[in-house]
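See below for the structure under consideration.
By convention in this document, chain letters (A, B, ...) are assigned in the order of the sequence lines, proteins followed by strands, and residues within each chain are numbered from 1.
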2 protein chains.
Amino acid sequence: MLKISELSAQTGLSAHTLRFYEKHGLINASTRSEAGYRFYSEADVRRVEFVKTARNSGFSLEDIAQLLSIRVDKQSHSCQDVTDITQKKLDQVNAKIEELQSIQQTLEILLESCCGGPENASHCSIMEALDEGLTRDQARSESQ
Amino acid sequence: MLKISELSAQTGLSAHTLRFYEKHGLINASTRSEAGYRFYSEADVRRVEFVKTARNSGFSLEDIAQLLSIRVDKQSHSCQDVTDITQKKLDQVNAKIEELQSIQQTLEILLESCCGGPENASHCSIMEALDEGLTRDQARSESQ
DNA sequence: TATAAGCTTAGAGTTGGCTCTAAGGTCAAC
DNA sequence: GTTGACCTTAGAGCCAACTCTAAGCTTATA
């Protein structure tokens with residue numbers, strides 16, 4: 001049985017974060033000392049590691065709550081239940097990547113257009129492009 | 001001279017957002033009516049459009065505040081000042097894209113590993129992978 | 001036995017960018 | 001002159017995922 005600081009050391013999650021996860025129903029200490037100190041069993045540790053791994057995989061805490069409810073009763077859920085959550089998350093990630101790539105492209109075009117030198121910015125082409133609303137080259141990006 | 005609702009209609013930014021930008025020092029109505037109503041000049045509108053374009057280009061409001069301070073006194077700033085801000089933003093965007101691509105890869109590997117079918121999740125390989133801490137295939141992604 | 005480290009709780013603060021509300025003043029149209 | 005749309009302000013609320021604080025108890029060490 002581990003105390004919260006020991007679990008923290010073992011998982012790399014702060015004690016604050018562990019309590020926060022508990023408050024949100026993700027994890028729990030299966031026992032408490034008389035004084036109320038949390039004590040974590042091996043099964044508790046595995047659950048916390050699951051949460052950590054899912055977090056590192058990009059799942060939100062809400063996603064993880066769903067995954068955990070599947071985890072405790074795998075018989076009552078299908079593989080499709082799991083892939084649905086995973087696919088939805090992948091779709092979100094892909095959408096965000098596309099959004100950022102559009103911004104990336106805009107910024108690259110801006111940087112290419114400007115000398116970046118020590119001359120004053122009176123005719124800086126980045127400033128001009130921002131003033132003109134990303135006309136011309138940024139037509140594609142702008143439509144996003 | 002435009003009232004705030006007219007500026008809102010012209011820019012697509014809500015009146016709330018325009019007041020919010022004002023509170024944060026980005027924009028201003030150069031005149032007010034006797035009753036305190038904001039009135040925006042052509043120059044005000046151009047400044048708001050600049051903010052909107054910069055926002056669409058991925059700049060934060062803090063970045064934009066810097067860009068605006070260059071904009072009002074271009075003589076006192078160099079092209080390098082502008083490219084520094086832009087490059088820093090591009091670096092941030094690239095870092096975020098890489099992070100998301102790592103997550104994307106992890107999620108794709110998870111999805112490939114699972115049948116996604118109606119059978120129960122007792123041996124679901126996504127659940128197993130999350131339980132085992134993304135061992136094997138996810139070695140690269142995990143190190144992020 | 002005293003000190004310090006560690007634990008408890010409820011609840012507030014952080015980040016960034018809005019978004020909305022309440023309570024009231026203004027203005028144009030009928 | 002009254003209805004309703006629009007404007008004003010200060011300030012609260014929202015999102016996610018923490019992160020921290022305060023005030024007080026417990027436990028381990030010297």
Side-chain angles (χ1 to χ4, degrees), chain A residues 1-40 44 48 51-68 85 88-89 92-93 95-96 99-100 103, chain B residues 1-40 44 48 51-68 85 88-89 92-93 95-96 99-100 103:
Chain A
M1 298 296 250
L2 302 177
K3 281 192 294 186
I4 198 164
S5 62
E6 292 163 340
L7 180 59
S8 170
Q10 202 169 108
T11 58
L13 301 171
S14 75
H16 279 304
T17 298
L18 293 168
R19 290 192 202 96
F20 172 80
Y21 284 173
E22 181 180 308
K23 190 157 66 181
H24 288 260
L26 298 181
I27 64 173
N28 216 346
S30 49
T31 23
R32 292 273 187 139
S33 75
E34 298 217 341
Y37 283 29
R38 291 168 177 82
F39 281 109
Y40 297 92
D44 293 340
V48 172
V51 171
K52 187 189 170 190
T53 302
R55 205 67 200 84
N56 288 342
S57 305
F59 291 105
S60 68
L61 301 189
E62 197 183 334
D63 297 331
I64 294 171
Q66 286 187 63
L67 291 170
L68 286 168
I85 295 170
K88 196 173 140 207
K89 178 55 54 178
Q92 287 169 10
V93 168
K96 190 70 190 170
E99 191 186 319
L100 286 174
I103 286 172
Chain B
M1 298 296 250
L2 302 177
K3 281 192 292 183
I4 197 164
S5 62
E6 291 162 341
L7 180 59
S8 171
Q10 202 167 108
T11 59
L13 302 170
S14 76
H16 279 303
T17 297
L18 292 168
R19 290 192 202 98
F20 172 80
Y21 284 172
E22 180 180 307
K23 191 158 65 183
H24 288 260
L26 298 181
I27 63 172
N28 216 346
S30 49
T31 22
R32 292 271 188 141
S33 74
E34 297 218 342
Y37 284 29
R38 291 167 178 83
F39 281 109
Y40 297 93
D44 294 339
V48 172
V51 171
K52 187 188 171 191
T53 302
R55 206 68 200 84
N56 287 342
S57 305
F59 291 105
S60 67
L61 300 189
E62 197 184 333
D63 298 330
I64 293 171
Q66 286 187 61
L67 290 170
L68 285 168
I85 296 169
K88 196 174 140 206
K89 178 55 54 179
Q92 287 170 9
V93 168
K96 191 70 191 172
E99 192 187 320
L100 286 174
I103 286 171

At less than 4.0 Å, is any side-chain N or O atom of [X] found next to OP1 or OP2 of [N]? Yes or no.
X       : N      : answer
B:Arg38 : D:dT9  : yes
B:Ser33 : C:dT26 : no
B:Arg32 : D:dT9  : yes

request  = Just call it for B:Ser14: base, sugar-phosphate, or nothing, with non-hydrogen atoms closer than 4.0 Å on any strand.
outcome  =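 Counting heavy atoms under 4.0 Å across all strands, no contact is made by B:Ser14.
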
task = Please figure out whether A:Phe20 or A:Tyr37 has its closest DNA chain D nucleotide nearer the 5' end.
result =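 The residue mapped nearer the 5' terminus is A:Phe20.
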
inquiry  = Quick check on side chain to side chain contact (heavy atoms under 4.5 Å, CB included): which of A:Asn28, A:Leu13, A:Thr17 does A:Val48 satisfy it with?
reply    =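 Single side chain to side chain contact (heavy atoms under 4.5 Å, CB included) partner of A:Val48 among A:Asn28, A:Leu13, A:Thr17: A:Leu13.
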
Quick one: [X] [atom1] to [N] [atom2], roughly how many Å, whole number?
X       : N      : atom1 : atom2 : result
A:Lys23 : D:dA17 : NZ    : C1'   : 11 Å
A:Asn28 : C:dT8  : CG    : C1'   : 15 Å
A:Glu22 : C:dG11 : CD    : C1'   : 16 Å
A:Leu13 : D:dC20 : CG    : P     : 14 Å
A:Phe59 : D:dA17 : CZ    : P     : 13 Å
B:Leu18 : C:dG17 : CG    : P     : 16 Å
B:Leu61 : C:dT19 : CG    : C1'   : 14 Å
A:Glu34 : C:dC7  : CD    : C1'   : 15 Å

Select one nucleotide: of [options], the one nearest the side-chain heavy atoms of [X].
X       : options               : answer
A:Arg55 : C:dC27, D:dT9, D:dA17 : D:dA17
A:His16 : D:dC6, D:dT27, D:dT19 : D:dT19
B:Thr17 : C:dC7, D:dC7, C:dC18  : C:dC18
A:Ile4  : C:dC7, D:dT8, D:dA17  : C:dC7

ask   = Toward the 5' end of DNA chain C, which comes first, B:Glu62 or A:Lys3, by nearest nucleotide?
value =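 Final value for this comparison: A:Lys3.
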
query = Which comes earlier along DNA chain C counting from the 5' end, the contact point of A:Arg19 or that of B:Ala35, where each point is its nearest nucleotide?
reply =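 Nearest nucleotide further toward 5': that of A:Arg19.
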
message = Under 3.5 Å, is there any donor-acceptor pair linking the side chain of B:Tyr21 to the base of C:dG17?
response =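 Check fails, no donor-acceptor contact within cut-off.
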
key: Inter-residue atom distance A:Ile27.CD1 - A:Leu18.CG, 0.5 Å rounding   =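 Between atom CD1 of A:Ile27 and atom CG of A:Leu18 there are 4.5 Å.
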
request  = Drop me the distance from B:Lys89's NZ to B:Ser60's OG, to the nearest 0.5 angstrom.
outcome  =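 Answer for the NZ-OG pair, B:Lys89 versus B:Ser60, is 4.5 Å.
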
ask   = Salt-bridged, A:Glu62 to A:Lys88, with N to O below 4.0 Å?
value =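 No.
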
key: Lys/Arg-Asp/Glu bridge criterion (N-O < 4.0 Å) met for A:Arg19, A:Glu22   =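 Salt bridge absent between A:Arg19 and A:Glu22.
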
